[in-house]
Structure formats: structure tokens, C-alpha cells
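Computed from a prediction, not measured in an experiment: that's the story for all the values here.
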Amino acid sequence: MGGSRSALLVLSDGRFPAGGHAHSGGAEAAVKAGRIRDAAGLEAFCLGRLHTSGLTAAGLAAAAALGLDPYALDEAADARTPSPALRTANRRLGRQLMRAARATWPSPELDALAAAFPRGAHQPVVLGATARAAGLGPEDAAHCVAYETVGGPATAVVRLLGLDPYQAAGVLARLTPVMDTVAERATAAAREGIDALPAASAPLLDITAEQHAAWPVRLFAS
């Protein structure tokens with residue numbers, strides 16, 4: 001880990017006002033489709049998410065924390081997000097995170113990124129830039145992404161299914177070795193440059209994101 005453990009805790013805290021509480025990471029659509037019915041289903045969903053969209057996002061965040069070109073990284077994020085609904089959600093989350101980040105860790109780099117993307121850069125890119133502003137390293141940024149990749153769906157499923165929160169916490173605990181592995185892989189790729197960043201796909205998440213965006217009534221924004 002590159003910087004202050006306390007700063008990492010602040011950034012990864014679910015109470016940090018970055019807007020993530022309003023998003024389920026695809027869990028709401030999976031619950032409706034019957035793919036998540038219990039803790040076992042949640043664990044399988046989170047495991048798949050970690051190895052696909054989680055790995056990809058962690059690589060982008062680690063690269064941004066390293067100081068790689070944020071404009072090229074945002075283009076890379078766009079190329080790795082085929083779903084228009086997810087691109088929109090990612091940019092909204094990026095804009096919300098940017099507001100919180102600039103208030104918490106004022107930085108000329110964050111100011112420049114906010115000015116360049118008034119409608120929001122992709123959230124992993126903003127997260128990596130935020131980690132950099134907080135004095136954190138690429139490993140920290142990647143671990144933060146890995147955790148939020150599973151933490152968001154776990155919290156959402158507690159609300160959606162009335163799942164026992166102790167069971168949800170158990171799922172997260174069992175997945176910690178995988179989170180570490182994903183963060184390590186993402187960081188190693190980021191150190192090799194933008195062209196080496198992971199581009200793992202999750203077609204079912206992309207499809208259900210488009211379906212979810214068209215629902216007239218939903219509990220979560222994505």
C-alpha cells in the first residue's frame with residue numbers, strides 16, 4: 001500500500017458521499033431474474049463481477065493513481081464499457097465522486113480533470129485520481145475498487161431480498177482473497193501501461209444494465 005491507511009479507509013467507506021449507495025452494480029436486475037436468491041447466489045454474482053468488470057475498473061483506477069494520462073484512460077474506460085446505460089452511470093458516479101474528492105482532498109489535478117469532464121469522467125478514473133490526491137498508491141486504488149465491486153451489490157441485496165446482513169458480511173469476508181488477487185493483477189497491468197490494462201467483459205451485466213435502465217420503477221439507479 002502506498003499511502004495513509006486512514007485515507008484509504010475514508011475513500012472506501014460506504015458513507016463517503018460518492019453516490020455509490022444509489023447503485024446496485026447489477027444486483028437489482030439479477031435479483032429480479034432469479035439469479036440471486038440467497039447468500040450463495042450473491043457470492044457467485046460477486047465472484048463473477050470481481051473477475052470481469054471489477055478487474056477492468058481496478059486496472060483503470062490503478063493507472064490513474066500512477067499518474068497515467070487521464071484523458072487516454074477515460075477513452076480506455078469508454079472502450080471497455082459497451083453498455084450505454086453503464087457508461088452513463090459510470091460518468092454520473094464519476095461526477096459525484098469528483099465533488100466529494102475535491103472537497104476532501106483539494107488538488108490542481110482534480111480541478112483540471114473536473115474542468116476537462118464537466119459531465120463526469122468514468123468513475124474508476126476519478127477514483128484513481130482521487131487516491132493520488134489523497135497520497136495513496138495504485139495498489140490502494142485497486143483495492144478500493146475491488147471492495148466496492150462486491151460491497152455495493154452486497155448492500156443492495158440486503159435491501160432487495162431482506163438478506164441477513166451477517167450472511168452478506170460473511171460473503172464479503174470469504175471473497176477477500178479474491179479481492180486481493182484482483183487488485184494485485186490490476187496493479188501489475190497498470191504498471192505496464194494503458195495498452196496492458198485488463199479488458200475483461202461481462203456481457204450479461206451489459207445486457208441487464210440496458211434492461212434495468214428501461215424499468216419504469218426501480219429501487220437503484222443501476
Task: Basic-acidic side-chain contact under 4.0 Å: Glu139, Arg191 - done: yes

Open item on the list: I'd like to know if Glu109 pairs up with Arg132 as an ion pair, taking the criterion as any Lys NZ or Arg NE/NH1/NH2 lying under 4.0 Å from an Asp or Glu carboxylate oxygen.
Closed with: yes

Can you get from [X] to [Y] by hopping between Ile, Leu, Val, Met, Phe, Trp and Tyr side chains that sit under 4.5 Å apart?
X	Y	answer
Leu66	Leu60	yes
Leu86	Leu204	no
Leu97	Leu73	no
Met179	Leu9	no
Phe117	Trp105	yes

[X] side-chain N/O to [Y] backbone N/O, donor-acceptor pair under 3.5 Å:
X	Y	result
Arg49	Phe45	no
Thr187	Glu184	no
Glu28	Phe220	yes
Asp74	His122	yes
Thr52	Ser201	no
Asp180	Pro177	no
Thr56	Ala200	yes

Check this for me: [X], atom [atom1], are more than 12 non-hydrogen atoms of other residues, nucleotides or ligands nearer than 6.0 Å?
X	atom1	result
Arg92	CZ	no
Arg87	CZ	yes
Arg91	CZ	yes
Asp195	CG	no
Arg37	CZ	no

Can you name the nearest heavy-atom pair linking [X] to [Y], along with the distance?
X	Y	result
His23	Ser222	ND1-OG, 2.6 Å
Ala134	Ala7	O-CB, 4.0 Å
Leu50	Ala146	CD2-O, 3.6 Å

Could you tell me if the side chain of [Y] sits less than 4.5 Å from the side chain of [X], heavy atoms only?
X	Y	result
Glu148	Leu93	no
His21	Thr155	no
Leu197	Arg80	yes
His51	Val178	yes

Open item on the list: Set out, in order, the CA-CA distance, both residues' side-chain angles and the distance that settles side chain to side chain contact (heavy atoms under 4.5 Å, CB included) for Gln211 and Lys32, then state yes or no.
Closed with: CA-CA 11 Å; Gln211 296 170 343; Lys32 184 174 182 180; over 6 Å; no

- [ ] Hey, could you give me the CG/CG distance between Leu219 and Leu160, rounded to the nearest 0.5 Å?
- [x] 5.5 Å

